[in-house]
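Okay, structure first, notes after.
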Amino acid sequence: MVDKVAQSALHDDTPNSPENNSFSPDPGLRVKPPSAINALAHRDLRQGAFWQVIPAWRDIDEATFLDHKWQGRNSITRFDALLATVAPIVPPEFLRDAEAGFAQAPMSVRVSPYLLSLIDWNHPYDDPIRRQFIPLSTQILPDHPELTLDSLGEQHDMPVLGLTHRYPDKALFLALDTCPVYCRFCTRSYAIGQDTDLVDKVHMNADSARWERIFAYIESRPELEDIVLSGGDVYNLNARNIRYIGERLLQLPNVRRIRYATKGPAVMPQKLITDHEWRQALIDVVHMGRKLHKDVVLHTHFNTAQEITWITKRALDLLHEEGVFIRNQSVLQRGVNDSVGAMQALVKRLGYVNVHPYYVYVHDLVKGTEELRTSLQTAIDIEKAVRGATAGFNTPTFVVDTLGGGGKRDAHSFEYYDRSTGIALYRSPNVDPERLFWFFDPLHTLSPAMQARWADPQQRQEMKRSAALAVGANPADRGLHG
Ligand SMILES: *Cc1c(COP(=O)(O)O)cnc(C)c1O
Ligand code: SF4
């Protein structure tokens with residue numbers, strides 16, 4: 001046990017101030033000037049009962065707001081519920097815009113009270129959390145002409161329903177198809193959420209007969225060492241199934257590493273605090289993995305520093321104390337985290353709460369989200385400014401998930417990138433050494449003349465043809481995917 005003194009030191013989050021710093025430098029040696037005061041802003045987590053600014057929740061006390069069941073029950077899935085919650089504090093034109101946005105969205109909408117209360121309702125159009133979860137009709141842009149619904153080809157590499165085996169030693173296990181929230185930019189919108197007016201989904205229920213076929217496949221492939229347990233989102237698996245799937249996978253001799261992937265800590269950290277059974281199930285699988293000399297970690301998905309509050313820190317501390325290692329994957333999104341300041345703040349704040357930034361994904365081509373995408377060049381520029389701002393192990397790799405199933409590539413490692421057409425080509429030798437894989441910048445980042453060329457199918461083929469020729473590929477080759 002930690003003694004009282006050590007414990008109070010542990011829980012003292014007061015930043016060092018110049019007044020209590022009695023250090024004086026050796027004569028003649030150069031002292032690095034102190035960082036600007038806002039360089040410490042990542043430690044200023046939002047405090048207090050911030051949710052009480054929402055009129056409907058003015059009387060909700062801390063115990064209620066920390067109850068994950070209350071969070072679940074009060075999540076917003078329909079426009080009329082949004083209206084009932086925030087109508088008094090937002091302009092009517094915003095509400096009309098959101099109503100039309102709900103109707104046009106290819107993805108279900110589901111927002112937790114936690115997220116809703118973090119939106120700055122004085123500036124809802126520009127708010128980074130609003131942009132991720134609440135579509136506005138006036139902001140929706142036409143999809144890129146090269147978009148298909150499963151543009152990452154996850155269904156193509158599925159030997160059994162719900163397992164994508166693309167890379168040699170790792171596979172993606174889609175345990176279920178629901179999530180605690182629904183993100184507009186979800187790359188699995190082919191499966192996640194309810195059918196909408198625009199899209200019929202592929203359904204993958206939390207179903208043990210389906211899981212048995214997946215365990216059997218994993219066991220039949222001795223090269224598989226690393227299983228990403230995702231969905232949907234493992235937050236929505238009950239504690240019994242968290243334990244069951246974890247134990248079944250750990251028992252397979254070839255499985256060495258498991259990651260539980262969930263956006264939960266970013267969107268409803270309350271569950272880690274008040275769902276004791278669920279938290280303990282995860283901790284027990286982590287401990288069981290350690291005894292077996294295997295690695296079980298949590299992967300989560302914060303996109304902005306604003307999503308990390310005192311509630312998040314309390315939740316993550318409970319996992320950290322038990323030795324649960326946490327990594328983060330973000331999606332680079334326009335108007336959300338596509339500035340140097342926003343990305344540095346996110347990375348530093350993640351480090352502060354002991355979460356390791358792992359990846360930043362360039363936003364994929366996903367139906368109805370073109371306004372959230374950035375160019376590849378934006379990712380390259382932001383990476384340059386983030387690297388060096390903190391520890392190397394807390395510096396994310398910026399990756400592109402290439403079209404047609406080429407998998408993740410370091411954003412910088414393109415074979416070809418023409419900034420005027422927005423066309424990029426990548427190779428992915430571990431997936432297929434023969435093939436080339438495309439990526440396309442959003443049309444709104446290109447010049448008006450270039451956007452006009454993209455509108456013409458013949459010119460579009462011509463631009464892709466010359467890109468292929470530039471990397472020495474024969475455009476007629478089967479090897480040139482897409
Ligand atoms: C992302 C992904 C993985 C895991 O890849 P890492 O680079 O190890 O994080 C595994 N399988 C599929 C299909 C994936 O998309
Ligand atoms: S939580 Fe993950 S899987 Fe679910 S909608 Fe969001 S991005 Fe998609």
Side-chain angles (χ1 to χ4, degrees), residues 75 77 105-112 115 129 132-133 150-159 162-194 196 199 201 204 218 221 223-237 256-268 271 295 297-303 307 327-331 333 336 356-361 363-364 366-369 372 396-410 428 430-431 437:
S75 290
T77 56
M107 184 69 183
S108 315
V109 176
R110 187 173 178 85
V111 196
S112 62
L115 286 178
I129 298 176
Q132 296 177 68
F133 297 95
D150 173 19
S151 52
L152 305 184
E154 286 186 343
Q155 295 180 80
H156 174 79
D157 288 327
M158 256 185 208
L163 189 91
T164 301
H165 185 187
R166 167 171 307 150
Y167 302 97
D169 76 344
K170 56 189 177 186
L172 179 63
F173 182 158
L174 306 175
L176 75 172
D177 58 12
T178 64
C179 302
V181 292
Y182 292 126
C183 316
R184 298 184 49 212
F185 50 84
C186 183
T187 53
R188 275 181 218 131
S189 55
Y190 65 84
I192 305 302
Q194 318 295 322
T196 65
V199 180
K201 317 256 168 173
M204 286 179 282
I218 294 171
R221 299 299 292 253
E223 73 273 32
L224 273 178
E225 295 187 344
D226 182 347
I227 306 299
V228 182
L229 196 53
S230 182
D233 191 296
V234 299
Y235 237 43
N236 282 19
L237 286 176
R256 306 293 309 163
R257 292 177 291 282
I258 303 173
R259 322 174 200 177
Y260 283 89
T262 171
K263 198 165 166 63
V267 300
M268 202 188 283
K271 185 178 172 82
D295 193 31
V297 305
L298 191 72
H299 273 210
T300 189
H301 178 178
F302 291 94
N303 286 324
E307 293 154 26
R327 296 192 190 100
N328 187 69
Q329 308 191 163
S330 301
V331 178
Q333 293 163 87
V336 173
H356 295 253
Y358 175 41
Y359 282 148
V360 174
Y361 287 86
H363 197 305
D364 292 316
V366 175
K367 223 171 162 32
T369 61
L372 290 175
T397 305
F398 284 66
V399 292
V400 181
D401 221 334
T402 53
L403 291 173
K408 301 178 203 39
R409 311 308 300 154
D410 182 325
S428 190
N430 284 306
V431 171
F437 298 94

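In listed order, ligands and their atoms are each counted from 1. All of these numbers come straight from a predicted model, not from anything done at the bench.
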message = Taking the side chain as everything from C-beta on, heavy atoms only, tell me whether E223 gets closer than 4.5 Å to P168.
response = no
request  = With sequence neighbours left out, write down each residue that passes side chain to side chain donor-acceptor pair (under 3.5 Å) with N303, or none if nothing qualifies.
outcome  = Q132, H301
message = Closer than 4.0 Å and a protein heavy atom, does any atom meet both conditions relative to atom 5 (S) of ligand 2?
response = yes
Residue pairs, two or more places apart or on separate chains, that pass salt bridge (charged side-chain N to carboxylate O under 4.0 Å, His left out) and touch residues 398-407 = none
ask   = Would K408 count as a cation-pi partner of Y359, with NZ or CZ less than 6.0 Å from the six-membered ring centre and within 45° of the ring normal?
value = no
ask   = How long is the gap from NE2 on H165 to CE on M158, to the nearest 0.5 Å?
value = 13.5 Å
message = Within the 3.5 Å criterion, strictly below it, is a donor on T300 or N328 matched to an acceptor on the partner's side chain?
response = no
note = Within the heavy-atom cut-off of under 4.0 Å, ligand 1 is lined by T164, Y167, K170, L172, V228, R259, Y358, Y359, K408
request  = Using a strict 4.0 Å threshold on nitrogen-to-oxygen distance, state whether K170 and D226 make a salt bridge.
outcome  = no
Heteroatom count (protein N, O or S) under 2.8 Å of atom 8 (Fe) of ligand 2 = 1
task = Please say which of S108, S112, C186 ends up in a side-chain contact (heavy atoms from CB on, under 4.5 Å) with V181.
result = S112
inquiry  = With rounding to the nearest 0.5 angstrom, report the CG to CZ distance, L172 to R259.
reply    = 9.0 Å
ask   = For the side chain of R256 and the backbone of D295, is there at least one donor-acceptor N/O pair under 3.5 Å apart?
value = no
